[in-house]
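Lettering of chains follows the sequences in order, A, B, ..., and the numbering in each one begins at 1. Atom set for the values below is all heavy atoms of this structure, side chains included, hydrogens, waters and symmetry mates excluded.
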Amino acid sequence: MDQGQGLRHVLSARTGDRDRARSAREAVDRLPGQWRGAPGRVHLGHGLRRGRIDRVHLPGHDVVAGRRDPDRHALGRGAGRARRHDGGRDRRHRNAPQPGGEEVMTVRVRIAPSPTGLVHVGNVRAALFNWMFARHHGGVFILRIDDTDIERSEQQYEDEIKAGFRWLGLDWDEGVDVGGAYGPYRQSDRMDRYRQVVDQLVESGHAYYDDRSTEELEALRQKAQHEKRHPNHYIRRPDREATSGVVRFSVPQDAAVEFDDVIRGNVRFEADVIDDFVIYRSNGTPTYHLASTTDDLDHAITHVIRGEDLLSSTPKHILLSRAIGGTEPLYAHLPLIMGPDGKPLSKRHGPTSLKEFRDRGFLPEAFRNYLSLLGWSLDGDQTVFTTEEAIAAFELSDVSKNPAVFDTTKLEWMNGEYIRALSESDFIERVRPHVESGLGRRLTEAEWAQFSQMAPLVQERSKFFSDAAEQVRFLFTDEVDYDEASWSKVMEKDGVVDVLRVSSEKLAGLEQFDHDAVEAALRSMLEALEIGARKGLQPLRVAITGSQVSPPLFESIAVLGRERSLARLSRCLDRLG
RNA sequence: GGCCCCGUCGUCCAGUGGUCUAGGACGCCGGCCUUUCAAGCCGGAAACGCCGGUUCGAACCCGGUCGGGGCUGCCA
């Protein structure tokens, strides 16, 4: 088969989709300049009205009110998406900035991993979606490091996280290593700022010091539990004033917190189920809630796109935002990703390190494609598509609400699609390090020439690069190890000795030793012994490659060469007595 | 226990009141091709959790129920 025909075929069959994707991209491009989001054109303070985030519309930009928004039809999936530029135009008209009215806003999103371990694929998917969202809107994608847990944060994890994102192609416009106008982007570099915010909150009465012991707190939780109330119902400002200990945020009890999640729609929390949470530890460091919220505000984040595990923390972040002041971001909570057992992924469950996938020889483009399908889809029936197509079509409001299971089998299939779509030379170049590490040694140029002859056959049979190494192992070892099951199933049968013997004679007498000659020789062997190809060639396959599963035999023998092939046959004859 | 989120084939998605005898993909099963294995091609099995309600009509809207998940830390 023509190498790569598979994917090319799929791609070329999609001209219509490409056109659509292009028109979507153009629609974005046609947005008035101030909406397009040139980095740096950020204005704070007016884009969103405090407490009314559900009313803010960013033109051409899937904000707001999720499923209940009647406008959704104009920007929704399927046909709606195809009509996107029309809908977008309507919106622009309706929402065009009025003279002296709303300010300009650029999409600014971030991924904020905490370097206390490796990122699991759930976080990677969150990074991907943030990145695609930013790229779709010509916005800014920021990499922040949430290392307020000084006890557990480690530089090594941060390095590995960054390496993983780079491998995946998720380039960040601002953040650690690359800087930006809103830096620093590492929380440990912003301790003074958090201290300042805490002082301000205590000063304004939004927060208070609390020196109660864990026992006291535990008793309050027990009490609430017994009364079938929310466990933190009684975690409120105590009568006695403290000047040390932790700092808690004082949650106003007069109003529920309600917000419109871009993915989930309206979500409401009654005030009494939100505890007076700790914002500052007694060791002088901010908690996640405080640091993250402060950063989002200071960094002018417009959309907080994160895992659903943070959904129930969101009212705290909203309350904090209001108390600190500034422009509240919109929230979008992604469904969680589960392991094959249906249990959520975590730092010790399921695939964690991108490095593993890289080492096994997954292609970043395939990985992106697969990951984008977890909680989103380009349309009803297209599963293989380029990242550009995905970016052009990506809408937050199209993101699914249900959890997804990470399916390695499908990932492997998809990676195989991408591998087969590679040009022969790309394949050889990219597979090379995997072959060498699989073999445990460098290959000589002569050996590479041999590999290159086999490459197309190996490429077609590889789901990932590291399994290519296994397929050609027989070429680069002197003594093949015979696979036990293969040997007993194939070699311990009548007639095998004849097959090996006659084959040896025929191959030995060849003038040319190439694919066609080998094939002719072996076919004449089959004729001479009056035996079918299916039966007659398997013993040779095992003798040559050590296994009943291998790349095509004639090519394998031709590339192995006469001397080594004959040696393997005679070795088997010896072994068979 | 309390609060919040979610519920379409085994898995990932499509589906936004009639065109759904529910569509695509992976996987699975069968067949073709065939020197093995892949790939490719053809075919097949496979799902709207359940109960009510609204409606002429519901996978789609509402309620309940059951099930799954998250949070409930001086982790994030």
Side-chain angles (χ1 to χ4, degrees), chain A residues 1 5-6 9 67 72-73 76-78 80 112-114 116-117 146-149 151-152 210 214 217 221 224-233 245-248 261 264 267-270 272-275 277-283 285 287-289 291-292 307-315 333 335-336 338 340 342-344 370 373-384 400-407 409-414 416 420 457 460-463 471 486 490 519 522-523 526 532-538 540-542 545 547-554:
Chain A
M1 181 184 111
Q5 190 182 25
H9 171 74
R67 319 258 114 132
R72 235 179 143 264
H73 247 60
R77 329 171 166 265
S114 99
T116 54
D146 276 17
D147 59 351
T148 54
D149 185 353
E151 307 284 309
R152 295 191 288 167
D210 181 7
T214 47
L217 264 11
R221 293 195 176 101
Q225 286 264 32
H226 286 140
E227 295 173 8
K228 293 187 193 279
R229 291 176 183 277
H230 191 275
N232 289 326
H233 181 79
V246 301
V247 177
R248 285 182 188 279
D261 189 283
R264 275 149 223 287
V267 183
R268 176 189 170 95
F269 291 82
E270 297 300 328
D272 70 321
V273 304
I274 310 166
D275 58 300
F277 53 102
V278 174
I279 58 174
Y280 206 67
R281 304 188 185 99
S282 52
N283 70 358
T285 61
T287 62
Y288 167 77
H289 299 305
S292 178
E308 199 205 312
D309 51 334
L310 266 344
L311 184 60
S312 38
S313 296
T314 303
H333 288 93
L336 263 20
M338 311 298 200
K343 294 290 176 199
Y370 174 73
L373 253 16
L374 257 30
W376 183 78
S377 67
L378 189 133
D379 61 28
D381 44 47
Q382 198 178 332
T383 51
V384 182
S400 154
K401 290 186 277 205
N402 359 339
V405 171
F406 187 85
D407 179 1
T409 308
K410 189 167 183 177
L411 203 213
E412 289 178 1
W413 162 78
M414 183 163 294
R420 285 188 293 279
L457 301 176
E460 182 140 0
R461 289 168 173 74
S462 299
K463 285 191 161 125
Q471 294 178 48
S486 295
V490 175
E519 172 161 15
L522 295 182
R523 294 226 182 262
L526 295 176
R534 191 171 287 269
K535 284 256 188 262
L537 297 180
Q538 279 303 82
L540 293 172
R541 187 183 305 284
V542 174
T545 70
S547 167
Q548 56 185 332
V549 176
S550 82
L553 185 61
F554 307 139

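Nucleotide C66(B) forms a pair with G7(B), judged by Watson-Crick or G-U wobble geometry with both contacts under 3.5 Å. Searching all strands for a Watson-Crick or G-U wobble partner of C41(B) with both distances below 3.5 Å returns G31(B). Searching all strands for a Watson-Crick or G-U wobble partner of A47(B) with both distances below 3.5 Å returns nothing. Judged by Watson-Crick or G-U wobble contacts below 3.5 Å, the nucleotide A58(B) has no partner. Under the Watson-Crick or G-U wobble criterion, with both distances below 3.5 Å, G23(B) is paired with C13(B).
Remark: the separation of the P atoms in U65(B) and C4(B) is 13 Å, to the nearest Å. Across U54(B) and C71(B), the matching C1' atoms stand 35 Å from one another, rounded to whole Å. Distance check on atom P: G49(B) versus A59(B) gives 11 Å, rounded to whole Å. Spacing of C1' atoms, C48(B) relative to C60(B), comes out at 10 Å, to the nearest Å. With C1' as the reference atom, A14(B) and A39(B) are 27 Å apart, rounded to whole Å. Of the C1' atoms belonging to G43(B) and C62(B), the separation is 42 Å, rounded to the nearest Å. With P as the reference atom, A45(B) and C61(B) are 29 Å apart, rounded to whole Å. Rounded to whole Å, the separation between the C1' atoms of A47(B) and G53(B) comes to 24 Å.
Residue Leu373(A) has its side chain nearest to C12(B) when only C12(B), C37(B), C74(B) are considered. The side chain of Val549(A) lies closest to U36(B) when the candidates are C26(B), A76(B), U36(B). Candidate nucleotides C4(B), A38(B), U35(B) were compared by shortest atom distance to the side chain of Val267(A), and C4(B) ranks first.
With sequence neighbours excluded, no residue satisfies side chain to side chain donor-acceptor pair (under 3.5 Å) with Asp407(A). Listed by chain and residue number, Arg125(A), Arg264(A), Val399(A) satisfy the side-chain contact (heavy atoms from CB on, under 4.5 Å) test with Pro335(A) (two or more places apart in sequence, or in another chain). Checked against side chain to side chain donor-acceptor pair (under 3.5 Å), Asp210(A) has the following partners two or more places apart in sequence or in another chain: Arg212(A), Arg248(A). Residues that satisfy the side-chain contact (heavy atoms from CB on, under 4.5 Å) test with Ala291(A), not counting sequence neighbours, are Thr148(A), Gln187(A), Tyr194(A), Pro286(A).
At a cut-off of 3.5 angstrom, the base of C6(B) holds no donor-acceptor pair with the side chain of Lys401(A). Judged by atom type and distance alone, Ser282(A) reaches the base of C74(B) through a side-chain donor-acceptor pair under 3.5 Å. On a pure distance criterion of 3.5 Å, a polar donor-acceptor pair joins the side chain of Arg541(A) and the base of U35(B). No donor-acceptor contact under 3.5 Å links the side chain of Arg264(A) to the base of C5(B). Taking 3.5 Å as the limit, the base of A38(B) and the side chain of Lys463(A) contain no donor-acceptor pair of atoms between them.
A residue-by-residue look at Val273(A) and Asp407(A) shows that Val273(A) has its nearest nucleotide of RNA chain B further toward the 5' end. Each of Arg268(A) and Ser550(A) was assigned the nucleotide of RNA chain B with the nearest heavy atom; the assignment lying further toward the 5' end belongs to Arg268(A).
Although no hydrogens or angles enter the test, the distance criterion places no donor-acceptor pair under 3.5 Å between the side chain of Ser486(A) and the main chain of Val542(A). Of the possible polar contacts, none joining the Gln548(A) side chain to the Val490(A) backbone as a donor-acceptor pair under 3.5 Å is found. Although no hydrogens or angles enter the test, the distance criterion places a donor-acceptor pair under 3.5 Å between the side chain of Arg541(A) and the main chain of Pro551(A).
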Could I get a table of every N or O pair under 3.5 Å where one atom is in the protein and the other is in nucleotides 20-23 of chain B?
residue : atom : partner   : partner atom : Å
G23(B)  : N2   : Gly380(A) : O            : 3.3

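If you take CE on Met414(A) and OH on Tyr370(A), they are separated by 8.5 Å, rounding to the nearest 0.5 Å. With rounding to the nearest 0.5 Å, the separation of OG1 in Thr409(A) from NZ in Lys463(A) is 8.0 Å.
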Quick tally for nucleotides 64-72 of chain B: nucleotides whose base has a protein heavy atom under 4.0 Å get B, sugar-phosphate-only ones S, the rest -, giving -----BSSB
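For Thr148(A) and A76(B), the shortest distance from a side-chain N or O to OP1 or OP2 is below 4.0 Å. For Asn402(A) and G7(B), the shortest distance from a side-chain N or O to OP1 or OP2 is below 4.0 Å.
Contact annotation for Tyr370(A): no contact, since no heavy-atom pair falls under 4.0 Å across all strands. Using a 4.0 Å heavy-atom criterion, one finds that Pro551(A) contacts the bases of the nucleic acid, with or without backbone contacts as well.
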